[in-house]
J.: 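Sharing a structure with you now.
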Amino acid sequence: MALDSWNKEFSEGAQTLEEIQNVLGCYTIDLSDENMRSKFTTRRGQISIDVIPETFLQDVYGLYERGETWRIVEYLTPIPIWWIHRFPVRFPLYKDIRYLITNLRYDNETGLLPPYLEEDQDDTHKDQDLSNIMI
């Protein structure tokens, strides 16, 4: 049931995006520009995206309740974007949070445990080059 709702919202969002692109045209980010790529990559040069570890979910809900959403950045953790595609089960949907959430194990000393290690899978995609992806 939640999946049906999500699919409906996704379809509506895709339709809105298409309408905006038809009006404004298509814009891409040139990741061949070193300065621009540095804004979207991790220290290893991979394209990254910020997620909130599920461990901090109650803290984040507290920020919403207190009207302190500006502090959510304190809980954001960058991950290589390819993790989302390769391990989608590790990024469940939370409609009431505007950020991606991950159920990967989080340690205060080391951060998120990579999904390919936690799930005892090979790490052949660990250094996958996604520099040619246009966002």
Side-chain angles (χ1 to χ4, degrees):
M1 184 152 143
L3 183 59
D4 292 337
S5 173
W6 184 87
N7 283 333
K8 181 178 183 258
E9 288 183 24
F10 182 82
S11 295
E12 290 171 355
Q15 181 180 357
T16 301
L17 177 62
E18 184 176 341
E19 291 170 6
I20 291 170
Q21 286 178 335
N22 286 337
V23 171
L24 299 177
C26 183
Y27 292 91
T28 59
I29 297 170
D30 182 8
L31 295 178
S32 66
D33 174 18
E34 183 64 34
N35 185 32
M36 186 59 75
R37 186 170 54 242
S38 70
K39 297 177 188 319
F40 294 93
T41 58
T42 63
R43 281 175 266 166
R44 289 185 169 173
Q46 297 179 9
I47 298 174
S48 67
I49 189 167
D50 289 328
V51 299
I52 298 174
E54 204 170 49
T55 303
F56 302 126
L57 200 51
Q58 291 309 313
D59 295 338
V60 170
Y61 279 127
L63 294 176
Y64 274 100
E65 290 170 5
R66 292 188 303 276
E68 298 177 358
T69 55
W70 56 272
R71 291 187 53 210
I72 290 176
V73 295
E74 298 171 17
Y75 297 96
L76 296 177
T77 304
I79 62 162
I81 197 167
W82 66 264
W83 285 10
I84 296 167
H85 175 70
R86 180 90 156 76
F87 306 99
V89 71
R90 305 313 255 146
F91 303 93
L93 297 173
Y94 285 82
K95 289 176 56 174
D96 50 348
I97 301 287
R98 293 181 8 216
Y99 298 90
L100 277 176
I101 307 297
T102 183
N103 58 21
L104 291 170
R105 193 169 40 198
Y106 183 85
D107 177 78
N108 288 331
E109 295 295 319
T110 58
L112 287 174
L113 182 62
Y116 49 83
L117 294 180
E118 186 174 73
E119 297 178 5
D120 197 31
Q121 297 184 19
D122 68 82
D123 60 356
T124 55
H125 298 289
K126 183 170 77 173
D127 295 320
Q128 185 171 349
D129 178 21
L130 297 176
S131 61
N132 61 348
I133 291 181
M134 299 305 253
I135 298 177

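No experiment lies behind these values; they were computed from the predicted model shown. Hydrogens, waters and symmetry mates play no part in the numbers below; they use all other heavy atoms, side chains included.
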J.: Check side-chain hydrogen bond (donor to acceptor under 3.5 Å, both in side chains) between Y94 and all other residues, then give those that pass, not counting sequence neighbours.
T.: E54

J.: Tell me, please, which residues at least two apart from R71 pass side-chain hydrogen bond (donor to acceptor under 3.5 Å, both in side chains).
T.: E68, E74

J.: Find the distance between OG1 (T102) and CD1 (I49) and round it off to the nearest 0.5 Å.
T.: 11.5 Å

J.: Taking the side chain as every heavy atom from C-beta outward, state whether I52 and I72 have any pair of such atoms under 4.5 Å apart.
T.: yes

J.: Can you check whether W83 reaches L104 side chain to side chain, under 4.5 Å on heavy atoms?
T.: yes

J.: Angle class for the Y75/F56 ring planes (parallel below 30°, perpendicular above 60°, tilted otherwise)?
T.: tilted

J.: May I ask you to decide if I79's main-chain N or O and D50's side chain share a donor-acceptor pair within less than 3.5 Å?
T.: no

J.: Measuring from atom CD1 of I101 to atom OH of Y99, what distance do you get when rounded to the nearest 0.5 angstrom?
T.: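 Between atom CD1 of I101 and atom OH of Y99 there are 10.0 Å.
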
J.: Atom OH in Y106, atom OG1 in T55: separation rounded to 0.5 Å?
T.: 8.5 Å

J.: Mind listing the closest non-hydrogen atom pair of V89 and N103 along with its distance?
T.: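 It is O-ND2, 3.3 Å.
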
J.: Restricting to ring-ring contact (aromatic ring centres under 6.0 Å, His included), what partner residues turn up for F91, sequence neighbours left out?
T.: none

J.: Under a 3.5 Å threshold, yes or no: a donor from one side chain and an acceptor from the other, between D96 and Y64?
T.: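 Their side chains do not contain a donor-acceptor pair, so the 3.5 Å distance test is not met.
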
J.: With the side chain counted from C-beta on, respond yes when I97 and L57 share a heavy-atom pair under 4.5 Å apart, and no when they do not.
T.: yes

J.: How many angstroms lie between atom CD1 of I81 and atom CG of L100, to the nearest 0.5 angstrom?
T.: 9.0 Å

